[in-house]
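Note that ligands are numbered from 1 as they come in the structure, with each ligand's atoms numbered from 1 the same way. Not measured: the values here are computed from a predicted model. Along the sequence shown, residues are numbered consecutively beginning with 1.
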Amino acid sequence: MDATIFGEIMITIIETKLPKIKTALPGPKGKQVIAHDAKYMSPSLTRDYPLVAERASGAIVEDADGNTFLDFAAGIAVCSTGHCHPRVVEAIQKQAAELIHIAGTDFYHRHMPEFAEKLVSTMPKTHNWKVFFGNSGTEAVEGAIKLARYHTKRDKLIAFYGCFHGRTLGSLSLTASKNTQRKYFGTLLGGVEHIPYPYAYRCALGHTKETCGDEIIELLEQQIFKRLFAPEEVAAIIVEPIQGEGGFIPAPMFFLQELQRICNKHGIMLILDEVQSGMGRTGKWWAYDHAGITPDIVLTAKGIASGMPVAAFIAKDSVMNWKAGSHGTTYGGNPVCLAAASATFDLIAGGLMANAEKVGKHIFSKISEWPKRFKIVGDVRGKGLMIGVEIVRDQRTKEKAADLRDTVVDNAFHRGLLTLGSGENSIRMSPPLIIDEEQADCAVAIMEEAIAETEKGM
Ligand SMILES: Cc1ncc(COP(=O)(O)O)c(C=O)c1O
């Protein structure tokens, strides 16, 4: 570890680029934190393994006992510029000394339009766009539900099985990921219908990653619209272009294009939830960019501000036409958070998005053969640095193996690699967009050992 002056500020740099485990995990100091946490913290939090973070820089996290980990989780795809990027730290510190809060809902400050203009520069040029800032992904989803209902004067909403849009009561009504997330929370928002998401690896009709989903479009048009909701009652279809919590499952391009066609035809708002897949992670600003579509509303959070709480929904200006007082927030668009977001944006635009594409391709060139090399790897999928690995007990039956998945994640942790589970039986790798090929190779090697060890124990 080293302390370096950057601009006027002191930054802690962890010298190593690669992981090093020195103690049993968790170590003695980590154990104390975990015991303390158990006494005071809500037991609803899910921790896959006992990482007790103390400090971090770049793609390396150091725990309370001095072990270092290579971070392929990035705080759930949040630390897009790596941990404590000097430019982000500098922006936060400088802004904190000038103006921390003023409440953008009641007063003006330059950071809101300045950063909104940057976000709008990523949107299709065919329209003008407006932005609303919030603090978390779920808040962006709530705002988008309200905006879609307000604009269309309709109330029905269509979402997908496997999707995750958040945990507050409106967004939870859309979320259809795990029943524990909904259990005992009572009646949720009315007027919500879920339909299947195109999941090529498990496509009942045997379609490929490019063609899976035809039957879902037919279900929507021929069944849902005819038997449940007339399309002119539907306010919005909300979709993740790559399901995140659902298992890092990309929707085929044609499927997103078909959703756009249907939405255009019936005046339905197409909402793209890019909270996990956006901000350059897939090699383009938004995962939907790969399909060349133009949504009505786009949601972003997570990777937008390198860990500071910022979310936004971006809508066509013809859609964001609600009256003053219809929606607001106390903290959304806070100057310090937006300073971090602005620095993050510049770093992503200035090379990290290109790096995500390049290093993502490098990783896929190494791991796409895993289903041939490892009997428990059923599927490898994703785009850029949004990489999913599905673990099965048997490649022929595709039996989902949540226990083996957990073992792989745990084995990787004990070798110094942080990943996260996703969906019922998949692993997600979502490193900071700053990683280089040496770190990518290290992560691949650790994963291969972790999978091989899991197979040995079967
Ligand atoms: C696609 C998507 N939407 C919304 C959310 C909710 O975000 P938050 O946890 O910031 O409320 C998440 C969180 O994982 C997500 O992945």
Exercise for review: Determine whether more than 12 heavy atoms belonging to other residues, nucleotides or ligands lie under 6.0 Å from atom NZ of K323.
Suggested key: no
Exercise for review: Answer yes or no: is there an ion pair linking R202 with E390, defined by an N-O contact shorter than 4.0 Å?
Suggested key: yes
Write out each pair where an N or O from ligand 1 and one from the protein are under 3.5 Å apart, with the distance.
from     : atom 1 : to   : atom 2 : distance (Å)
ligand 1 : 3 (N)  : F164 : O      : 3.4
ligand 1 : 3 (N)  : D273 : OD1    : 3.3
ligand 1 : 3 (N)  : D273 : OD2    : 2.7
ligand 1 : 10 (O) : G137 : N      : 2.8
ligand 1 : 11 (O) : G137 : N      : 3.4
ligand 1 : 11 (O) : T138 : N      : 2.8
ligand 1 : 14 (O) : E245 : OE2    : 3.3
ligand 1 : 14 (O) : K302 : NZ     : 3.0
ligand 1 : 16 (O) : Q276 : NE2    : 2.8

Check your understanding: If we ignore angles and hydrogens, is there a donor and acceptor under 3.5 Å between the side chains of E245 and Q276?
Key -> yes
**Study point:** Contacts of type ring pair (Phe, Tyr, Trp, His ring centres under 6.0 Å), residue Y201, not counting sequence neighbours
**Key:** none
Review point. Any ring-ring contact (aromatic ring centres under 6.0 Å, His included) pairs touching residues 336-364, not counting sequence neighbours?
Key: W285-F345
Check your understanding: Looking at residues at least two apart in the chain, or sitting in another chain, which of them share a side chain to side chain contact (heavy atoms under 4.5 Å, CB included) with A315?
Key -> L147, I297, V319, M320
